[in-house]
Amino acid sequence: MGGRTRWLGLLLLALLGAACARREQETVVRFWAMGREAEVVAELVRDFERENPGVRVQVQAIPWNAAHEKLLTAFAADGLPDICQLGNTWIPEFAILGVLTPLQPYVDASQVVRPADYFPGIWNTNLIDGRLVGVPWYVDTRLLFYRKDMLRDAGVTQPPRTWDEWRGTLAAVKRSVGPDRYAILLLLNEFETQLSLGLQGDDPLLRDGDDYGNFSAPGFRDALALYAEMFAKGWAPPVSETQVSNMWEEFFKGEFAFYLSGPWNIREFRKVAPEGLKDEWGTMALPGPDGPGAGIAGGTSLVLFSGGEREDPQRRQAAWKLIEFLSRPDIQQRFYALIGDLPPRRSTWEHPALANDPLAQAFRDQLERVKPTPKVLEWERIVQEMRLITERVVRGGLSQDQAVRELDARVDQILEKRRWIEQRRQRQ
């Protein structure tokens, strides 16, 4: 028995030694992902590891509400991961910090990541000062969910395509539903409506190299006029999210005919749609001043952080391989099926699950016209100022002329440090 025990012990030690040797030979890639995407990507990563047996991916899930602070803390402690999911509006900030690896050489050598296959406005969000620093992972834009039957009842034969047609439609729906219901729901605690409308015009939201606010220009003035009109004429109720009990149920109760939201709500509306209304709702691109309009180039991208151990050639190559894997049209299609996030590549939209879904196709249409927001690290502060000031217009006490002047003044103050840094850079 003693001999057999020793033999088993030696065998166990050999197996443990072999496992340790394999572990030492593995290339470990650290990947930080946010929210629900972090849960879903773990399933895809297992297939990546099977295709690349010498690579192991450590996925760390981070809640969205803690992600920004955690990233900055990791930056200060030199603890950033190899690869990370970054919101498109965060990319300029981390580019300024100098921790994003330029990716053009990788893309030039890639047989997978093909820039011409991506929606131009989404790809553009990753170009900072002419340098490519990220690859779009999934896209988000806001458009209109609407009730087909309520439009028919109001005498509207087709969805509006221009702002004037939209005004006429909203007025007709309001007349049809009466004083206790509305034509559209626009939540005052969100900025996406004002921003979406503001991107429709030819005037940029910031001017002079993104150093000053440009909200007094005709483009945003016209957008604010339309936004304010929707409330002033009673087409939309002046409410915030906390004042709406359940927007999906209220949508199907006919409390409003239009709702501005993103692609994740396709699934939510399908879940709660009553049997008799399953075919009586749809999605449509945002109307623009003269035709189908632009939208926000939202979503997230995949970046490679630079510095420290992350510069190890094997780790860097393995991390780039993971970006290529997640960028493949077949993997993007699986990702969409698992979570509903929209793919940034046109070729992925050719898959029947997307090509034959009319609810998704409205997003496909608008993605061709999305525009990136100004690429300044202060942008999230700016849109919150926009939200607060436009809410004062809706609730009363601030005229539209006063609003755009005050908004420009506040934005100029927010961007003061940016101008100082730029002036100092020019003197050097």
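Quick caveat: nothing in here was measured; it's all calculated off a predicted structure. One-based numbering along the sequence shown.
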Problem set entry | side-chain contact (heavy atoms from CB on, under 4.5 Å) involving Gln200 - partner list, sequence neighbours excluded | Trp163, Leu286, Pro289, Ala294
Problem set entry | Under the side-chain hydrogen bond (donor to acceptor under 3.5 Å, both in side chains) test, residues paired with Arg346 that sit two or more places apart | Glu368
Exercise. Where is the tightest heavy-atom contact between Thr348 and Leu354, given as atom of each residue plus distance?
Worked result: O-CD1, 3.6 Å
Exercise. Do Glu324 and Ser110 have side-chain N/O donor and acceptor atoms under 3.5 Å apart?
Worked result: yes
Problem set entry | Sole residue of Tyr146, Phe269, Tyr259, Phe145 in ring pair (Phe, Tyr, Trp, His ring centres under 6.0 Å) with Phe251 | Phe269
For this session: Please assess Asp78 against Arg310 for the test salt bridge (Lys or Arg N to Asp or Glu O under 4.0 Å), listing each intermediate value before the final yes or no.
Result: CA-CA 10 Å; Asp78 192 25; Arg310 294 175 294 274; 2.9 Å; yes
For this session: Let me see the working for Lys321 and Val55 under side chain to side chain contact (heavy atoms under 4.5 Å, CB included), right down to the final yes or no.
Result: CA-CA 10 Å; Lys321 278 187 177 182; Val55 179; 5.8 Å; no
Seminar exercise, completed: For Leu359 and Thr283, the nearest pair of non-hydrogen atoms, with its separation, is O-OG1, 2.7 Å
Problem set entry | Option among Leu342, Thr141, Val139 that satisfies the side chain to side chain contact (heavy atoms under 4.5 Å, CB included) test with Ile122 | Val139
Exercise. With sequence neighbours left out, what residues match Glu350 under salt bridge (charged side-chain N to carboxylate O under 4.0 Å, His left out)?
Worked result: none
For this session: Give a yes or no on whether a salt bridge exists between Glu391 and Arg387, defined as a side-chain N under 4.0 angstrom from a carboxylate O.
Result: yes
Exercise. So does Arg30 pair up with Asp82, basic N to acidic O under 4.0 Å?
Worked result: no
Exercise. Taking only residues two or more places apart in sequence, or in another chain, which ones meet Trp248 in a side-chain hydrogen bond (donor to acceptor under 3.5 Å, both in side chains)?
Worked result: Asn265
Exercise. Quick check: does any side chain N or O of Glu49 sit under 3.5 Å from a backbone N or O of Val57, one acting as donor and the other as acceptor?
Worked result: yes
Problem set entry | Interatomic spacing from CG in Asn126 to OG in Ser301 - rounded to 0.5 Å | 3.5 Å
Exercise. Does any N or O in the side chain of Arg316 come within less than 3.5 Å of the main-chain N or O of Asp312, such that one atom is a donor and the other an acceptor?
Worked result: no
For this session: Could you list all the salt bridge (charged side-chain N to carboxylate O under 4.0 Å, His left out) pairs where at least one residue sits in residues 275-296, not counting sequence neighbours?
Result: Arg152-Glu280
For this session: Classify the side-chain pair Gln332/Ser327 by whether it contains a donor and acceptor separated by less than 3.5 Å.
Result: no
Exercise. Taking it one step at a time, do Thr101 and Ser306 satisfy side chain to side chain contact (heavy atoms under 4.5 Å, CB included)?
Worked result: CA-CA 5 Å; Thr101 301; Ser306 59; 3.5 Å; yes
Problem set entry | Reference residue Lys375; test side-chain hydrogen bond (donor to acceptor under 3.5 Å, both in side chains); the match among Asn124, Thr89, Asp129 | Asn124
For this session: Output all residues satisfying ring-ring contact (aromatic ring centres under 6.0 Å, His included) with Tyr182, sequence neighbours left out; order by chain, then residue number.
Result: none
Exercise. Is there any ring pair (Phe, Tyr, Trp, His ring centres under 6.0 Å) pair reaching into residues 76-105, and which pairs are they, with sequence neighbours excluded?
Worked result: Trp64-Trp90, His68-Trp90
For this session: Would you list the pairs meeting ring pair (Phe, Tyr, Trp, His ring centres under 6.0 Å) in which at least one residue belongs to residues 314-346, sequence neighbours left out?
Result: Phe48-Phe325, Tyr106-Trp320, Trp137-Phe335
Problem set entry | Met284 CE to Gln158 CD distance, which is reported to the nearest 0.5 Å | 10.0 Å
Problem set entry | Minimum heavy-atom distance Pro102-Arg131, with the two atoms named | CG-NH1, 3.3 Å
For this session: State plainly whether the residues Glu385 and Arg381 are in salt-bridge range, i.e. N to O under 4.0 Å.
Result: no
For this session: May I ask you to decide if Gly213's main-chain N or O and Asp412's side chain share a donor-acceptor pair within less than 3.5 Å?
Result: yes
For this session: Using the test side-chain hydrogen bond (donor to acceptor under 3.5 Å, both in side chains), find all partners of Asp149 that sit at least two apart in sequence or belong to another chain.
Result: Arg147
For this session: Decide yes or no for Phe220 and Val404: does some side-chain heavy atom of the first lie under 4.5 Å from some side-chain heavy atom of the second?
Result: yes
Exercise. Judged by atom type as modelled, is there a donor-acceptor pair below 3.5 Å linking the side chain of Arg369 to the main-chain atoms of Gly293?
Worked result: yes
Exercise. Are Arg418 and Glu93 close enough for a salt bridge, meaning some N to O gap below 4.0 Å?
Worked result: no
Exercise. So which pairs with a foot in residues 296-319 pass ring pair (Phe, Tyr, Trp, His ring centres under 6.0 Å), sequence neighbours left out?
Worked result: none
For this session: Please name the residue in the list Arg328, Arg334, Gln333 that meets the side-chain hydrogen bond (donor to acceptor under 3.5 Å, both in side chains) test with Asp330.
Result: Arg328
For this session: Could I get the full list of salt bridge (charged side-chain N to carboxylate O under 4.0 Å, His left out) partners for Asp357, not counting sequence neighbours?
Result: Arg270
For this session: Hey, could you give me each pair passing salt bridge (charged side-chain N to carboxylate O under 4.0 Å, His left out) that has a residue in residues 98-126? Not counting sequence neighbours.
Result: Asp117-Arg345
Exercise. Between Gln85 (side chain) and Met34 (backbone), is there a donor-acceptor pair under 3.5 Å?
Worked result: yes
Exercise. Hey, mind stepping through Leu132 and Trp123 against side chain to side chain contact (heavy atoms under 4.5 Å, CB included) and telling me if it holds?
Worked result: CA-CA 9 Å; Leu132 180 70; Trp123 187 263; 3.6 Å; yes
Exercise. Is it true that Asp341 and Arg36 make a salt bridge, defined as a side-chain N closer than 4.0 Å to a carboxylate O?
Worked result: no
Seminar exercise, completed: The reported gap from CZ in Arg221 to CG in Leu226 (rounded to nearest 0.5 angstrom) is 15.5 Å
Exercise. Can you tell me if Trp349 uses its side chain to pair, donor with acceptor, with the backbone of Pro343 under 3.5 Å?
Worked result: yes
Problem set entry | Nearest-0.5 Å distance that lies between atom CZ in Arg419 and atom CG in Asp210 | 12.0 Å
Exercise. Does the distance from a Lys or Arg side-chain N to an Asp or Glu carboxylate O, for Lys417 and Glu378, drop under 4.0 Å?
Worked result: no
Problem set entry | Audit row: Tyr212, Val411, side chain to side chain contact (heavy atoms under 4.5 Å, CB included) steps and yes/no | CA-CA 7 Å; Tyr212 295 90; Val411 171; over 6 Å; no
For this session: Locate the shortest heavy-atom distance separating Leu199 from Pro372; write the atom from each residue and the value.
Result: CD2-O, 4.3 Å
Exercise. Hey, are the side chains of Leu415 and Leu206 touching, using non-hydrogen atoms and a 4.5 Å cut-off?
Worked result: yes
Problem set entry | Salt-bridge present (Asp203, Arg207; N to O < 4.0 Å) | no
Problem set entry | Gap separating the CE atom of Met150 from the CG atom of Leu277, nearest 0.5 angstrom | 10.5 Å
For this session: Answer yes when Lys271 and Glu268 have at least one side-chain N-carboxylate O distance shorter than 4.0 Å, and no when they do not.
Result: yes
Exercise. Does a side chain donor of either Asn88 or Thr300 reach within less than 3.5 Å of an acceptor in the other side chain?
Worked result: no
